[in-house]
Amino acid sequence: MSLNNSQYDALMRQYNQKQLKHKHEQRDRIRIAYKRIPRLQEIDNEIASLSLKKARALLMPSSSADFNLSDEIETLSKERRTLLLRNGFPADYLELHYDCPHCKDTGYVDNQKCSCFRKAAVDLLYTQSNIREILEVENFENFTFQYYSEEVKNPATGLNALETARDAYFKCWDFIDNFASHPAGIFFYGDTGVGKTYLSHCIAKELIQRSYFVLYFSSFDLFDLLAKNTFKKDTAASDMAEYIGNCDLLIIDDLGTELVNSFVASQLFFCVNERIINHKSTIISTNLTMENFLETYSERIFSRISSNYTMLKLIGNDIRIQKKLLGGK
């Protein structure tokens, strides 16, 4: 599970808060029950006294005061349960309750992460990815090839839009299945509305479900955040900028829609280059042609991307327009 230190600490703080909350709730229940049924406090005092008496007997084996502690406690416990039920309380009313009975709100079972920890980690990663809600809709379960025509062809490859989409689809799954052992990059390009962002979201959903840390940014938001970190020394931007460098997958969507200047170009190169050097995966999507991309940014950025990323061009008619013509189906 790819959690950084701050994410792990955040989850463990949640578990500590749960434990404190349940201890406070238990104290409140005990206070209420004792007030209603004074005999309950007597029983608990007797059990504590018996435990102390048993400890003394074990320290002094010759003592005639030895007895079967378990039987004595069980007798008193039965009386306590009977009193609770008779007065309208659950039998376990005085016990410490847990959100997760398996790990008792520690996050671990036998030194292994509990299933509740894994679920909490995925929830945290979804929240921090910036695209939690959209992934409920745009994912591989809802992906369809029906909007890719066999009539539209790419003259450079000879493949039609459907064949091109299928090739991209399977390469996306290869990227996912080899993610842990082979960090890589994908560069989606093509006209507006051909599914570049959708496939990025599909990949993000799968990897987050596998507990990887995925961050999504539109190009405008990414460079706006980096500018705040650089020029305004914004604390929140600084924290997020650190995540940009160390998250498992960074998605930069709609590259080329931001205002490009020397700062943006240098930050893009730094981001791309550092993630390649540190073996971190990145997905970039753009509506720019390769010629326009080269003109907009620089040859060295283009070189780093083209030599280290899988270049996937999608073609076809605008899917959003097709959906509207079909009544949103």
Side-chain angles (χ1 to χ4, degrees), residues 1-37 39-41 43-45 47-48 51 70 73-74 76-141 179-180 201 204-216 236 239-240 242-243 246-249:
M1 181 172 295
S2 300
L3 295 176
N4 60 37
N5 290 338
S6 64
Q7 290 169 327
Y8 179 84
D9 291 343
L11 287 183
M12 295 314 297
R13 281 196 298 273
Q14 291 178 18
Y15 279 106
N16 290 335
Q17 289 165 1
K18 287 180 184 179
Q19 293 171 30
L20 288 172
K21 173 176 174 283
H22 291 313
K23 285 177 182 176
H24 287 312
E25 290 172 345
Q26 183 191 35
R27 283 199 293 269
D28 289 341
R29 290 195 301 272
I30 290 172
R31 179 179 50 78
I32 293 168
Y34 281 2
K35 186 175 181 180
R36 285 268 303 274
I37 316 168
R39 172 59 185 157
L40 290 175
Q41 186 169 7
I43 290 172
D44 286 343
N45 290 339
I47 290 174
S51 299
S70 296
I73 289 179
E74 179 58 28
L76 289 169
S77 296
K78 284 181 179 178
E79 182 186 355
R80 180 169 54 192
R81 286 194 295 272
T82 300
L83 286 169
L84 285 168
L85 292 170
R86 189 181 296 161
N87 286 273
F89 294 104
D92 66 347
Y93 186 71
L94 300 180
E95 296 174 14
L96 190 61
H97 296 170
Y98 305 101
D99 286 355
C100 178
H102 304 295
C103 69
K104 294 182 170 54
D105 294 338
T106 64
Y108 284 82
V109 178
D110 297 329
N111 294 321
Q112 298 295 318
K113 291 184 178 73
C114 182
S115 58
C116 72
F117 185 98
R118 293 192 292 271
K119 182 181 183 302
V122 169
D123 286 343
L124 175 65
L125 295 171
Y126 263 120
T127 300
Q128 294 186 341
S129 70
N130 296 331
I131 47 172
R132 182 186 189 105
E133 282 146 9
I134 194 67
L135 297 188
E136 295 302 314
V137 177
E138 298 192 357
N139 53 61
F140 279 120
E141 289 183 8
F179 191 81
H201 290 165
K205 174 78 179 280
E206 287 298 318
L207 291 177
I208 291 173
Q209 290 283 31
R210 300 183 190 195
S211 299
Y212 289 103
F213 182 18
V214 177
L215 266 184
Y216 168 93
D239 291 341
M240 188 58 73
E242 183 180 345
Y243 291 155
N246 62 32
C247 64
D248 297 309
L249 174 64

Practice problem: Kindly assign one of parallel, tilted or perpendicular to the pair Y108 and Y8, based on the angle between their ring planes and the thresholds 30° and 60°. | Solution: perpendicular

Practice problem: Assess whether atom CG of N5 is packed by more than 12 heavy atoms of other residues, nucleotides or ligands within 6.0 Å. | Solution: no

Quiz item: What's the spacing between R27 CZ and R31 CZ if we round to 0.5 Å?
Solution: 11.0 Å

Quiz item: Considering all heavy atoms of both residues, which atom of L215 and which atom of C247 are nearest to each other, and what is their separation?
Solution: CB-SG, 4.0 Å

Exercise. Report the residues that fulfil ring pair (Phe, Tyr, Trp, His ring centres under 6.0 Å) with F140, sequence neighbours left out, ordered by chain and then residue number.
Key: Y169, W173

Practice problem: Please confirm whether the backbone N or O of C100 pairs with a side-chain atom of D105, one donor and one acceptor, at under 3.5 Å? | Solution: yes

Exercise. Enter the distance from I37:CD1 to R80:CZ here, rounded to the nearest 0.5 Å.
Key: 11.5 Å

Practice problem: Look only at the side chain of D110 and the backbone of Q112, and say whether a donor-acceptor pair between them is shorter than 3.5 Å. | Solution: no

Quiz item: If we only count heavy atoms from C-beta on, is the Q41 to I30 side-chain gap below 4.5 Å?
Solution: no

Quiz item: Going from CZ on F179 to CD on E206, what distance comes out if it is rounded to the nearest 0.5 angstrom?
Solution: 12.5 Å

Quiz item: Just wondering, do Y216 and R132 contact through their side chains at under 4.5 Å, heavy atoms?
Solution: no

Exercise. Please tell me if the side chains of Y212 and L249 come closer than 4.5 Å, counting only heavy atoms from C-beta onward.
Key: no

Quiz item: Quick one: NE2 on H201 to CD1 on I134, what's the gap to the nearest 0.5 Å?
Solution: 6.0 Å

Practice problem: State plainly whether the residues E79 and R39 are in salt-bridge range, i.e. N to O under 4.0 Å. | Solution: yes

Side-chain donor-acceptor distances from residues 81-99 under 3.5 Å, at least two apart:
from: R81; atom 1: NH2; to: E74; atom 2: OE2; distance (Å): 3.2
from: T82; atom 1: OG1; to: K78; atom 2: O; distance (Å): 2.9
from: N87; atom 1: ND2; to: L83; atom 2: O; distance (Å): 2.7
from: H97; atom 1: NE2; to: D92; atom 2: O; distance (Å): 3.0
from: D99; atom 1: OD1; to: H22; atom 2: NE2; distance (Å): 3.0

Quiz item: Out of curiosity, D28 CG to H24 NE2, how far, rounded to the nearest 0.5 Å?
Solution: 8.5 Å

Exercise. Only one of L124, D248, L135 passes side-chain contact (heavy atoms from CB on, under 4.5 Å) with I208; say which it is.
Key: L135

Quiz item: Any side-chain heavy atom of C116 sitting closer than 4.5 Å to one from Y15?
Solution: yes

Practice problem: Apply side chain to side chain donor-acceptor pair (under 3.5 Å) to K21 and list each qualifying residue two or more places apart in sequence or on a separate chain. | Solution: E25

Self-check item: Atom pair CG (N45) and CG (L40), whose distance is rounded to the nearest 0.5 Å
Solution: 11.0 Å

